[in-house]
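Since the model is a prediction, treat every value here as computed from it, not as a measurement.
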Amino acid sequence: MRRGVKPGKIGAIVAHLGAAIVRGEVAPGAALPPEHELEARYQAGRGVVREAVKILAAKGLVSVRPRHGTHVRPAHDWSMLDRDVLGWLRGGDGLGDEILLALDETRAIIEPAAAALAAERATAEDCARIEAALAAMERGQDDPAAAIAADKAFHLAIIDATHNPILRSFRGVIDTILSALFDITVGVFAGNLANHAAVAQAISARDPARARRAMEELLGYTQQHLLSGSLKPARTENDKP
């Protein structure tokens, strides 16, 4: 970050342009307005505008070529696991079924194997964290925000319990995926508690095969409801009028 450049102003420009791009208000291949127009639009200096464009480029939303301007990249180039990108997508009409199912498929690739590794490697402290998250899930059944937080803690504790440094480096990615999905699936949260308990029990019992199967059943429950198309985003206390 260059000296004298205001992060708050940069963030506001990034959020406005990023949301416009992911919602299709600026089509792939289209050029963003030139710098001087963006400076005037946002009442910002050249340094602020350039930093904002750099951030958008880092998220895969735009390409910058000298003397050719800044152009929107196609959706398949976007950093879909970037928190901001997913947040902008959710802020429009919500994440489409295709994206939701793709996120769920990604979980299905990672989490059953992670549960099996956790069953082999979890320490007593790891098991206690998993059990504590499960207990918090059971207590939070009537509070969507608490349920989502506890559910995320449960799955992230399993990732940590693998003691695999590469898998642990995916923690932020998994967190982002869970944040996007749980806002939708929290409505059927209670019906999946038994599957979560089965995963925790298998890990505590040091049974990798059972832990893998239990996680597959847990994720299968979620996928079944996603495929039904009946799920709606959760309303938390902050959303209520």
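Here CG of L219 is found 9.5 Å from CG of N195. Values are rounded to the nearest 0.5 Å. Expressed to the nearest 0.5 Å, how far CD1 of I10 lies from OH of Y42 amounts to 13.5 Å. Taken from OG1 in T176 to CZ in R83, the straight-line distance is 4.0 Å, to the nearest 0.5 Å. Atom OG of S169 is separated from atom CG of N164 by 8.0 Å, given to the nearest 0.5 angstrom. Taking CD1 of I110 as the reference point, atom CD1 of I159 lies at 6.5 Å (rounded to 0.5 Å). We find the CG-CG distance between D97 and L226 to be 8.0 Å, quoted to the nearest 0.5 Å.
Side-chain contact check for V199 versus E217: every heavy-atom pair is 4.5 Å or farther apart. Side-chain contact between E35 and V53 is absent, with no heavy-atom pair separated by less than 4.5 Å. L103 places a side-chain heavy atom less than 4.5 Å from the side chain of L81. Inter-residue side-chain proximity for R65 and T70 is flagged as unmet; no heavy-atom pair is nearer than 4.5 Å. Residues T222 and L181 fail the side-chain proximity criterion, which asks for heavy atoms closer than 4.5 Å. Using a 4.5 Å cut-off on side-chain heavy atoms (C-beta onward), K59 and W78 make no contact. Counting heavy atoms from C-beta on, the side chains of P34 and E37 come closer than 4.5 Å. Residues D151 and F189 are in side-chain contact: their nearest non-hydrogen atoms beyond the backbone lie under 4.5 Å apart.
In this pair, H196 and H155 present their aromatic rings perpendicular. The plane angle is above 60°, beyond the 30 to 60° band.
Under the 3.5 Å distance criterion, the side-chain polar atoms of N192 are matched with a main-chain donor or acceptor of L218. Between the Q141 side chain and the E138 main chain, a donor and an acceptor come within less than 3.5 Å of each other.
Here the closest non-hydrogen pair linking P112 and R107 is CD-O, 3.6 Å. What you find for Y221 and V188 is that their closest heavy atoms are OH-O, 3.2 Å. Minimum heavy-atom separation, L89 to V22: CD2-O, 3.7 Å. In this structure, R41 and P33 approach most closely via the heavy-atom pair NH2-CG, 3.4 Å. Nearest heavy atom pair, residue A44 against residue K9, reads CB-CE, 3.9 Å. When all heavy atoms of A119 and A211 are compared, the closest pair comes out as CB-CB, 4.0 Å.
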* **T106 and I177: CA distance, side-chain angles, deciding distance, side-chain contact (heavy atoms from CB on, under 4.5 Å) verdict** => CA-CA 9 Å; T106 304; I177 291 173; 3.8 Å; yes

* To do: Take R168 and H163 through the side-chain contact (heavy atoms from CB on, under 4.5 Å) test and state the conclusion after the steps.
  => CA-CA 7 Å; R168 280 177 157 180; H163 293 273; 3.4 Å; yes

* Can you check side-chain contact (heavy atoms from CB on, under 4.5 Å) on C127 and I203, steps first, answer last? -> CA-CA 7 Å; C127 290; I203 291 172; 4.3 Å; yes

* Assess whether side-chain contact (heavy atoms from CB on, under 4.5 Å) is satisfied between V62 and H71, documenting all intermediate values. => CA-CA 5 Å; V62 300; H71 291 76; over 6 Å; no

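Heavy atoms of other residues, nucleotides or ligands lying less than 6.0 angstrom from NE2 of H16 number 12 at most.
Just one residue in the list L32, L61, L17 forms a side chain to side chain contact (heavy atoms under 4.5 Å, CB included) with V72, and that residue is L32.
Note on residues 119-134: pairs passing salt bridge (charged side-chain N to carboxylate O under 4.0 Å, His left out), not counting sequence neighbours, are R129-D160.
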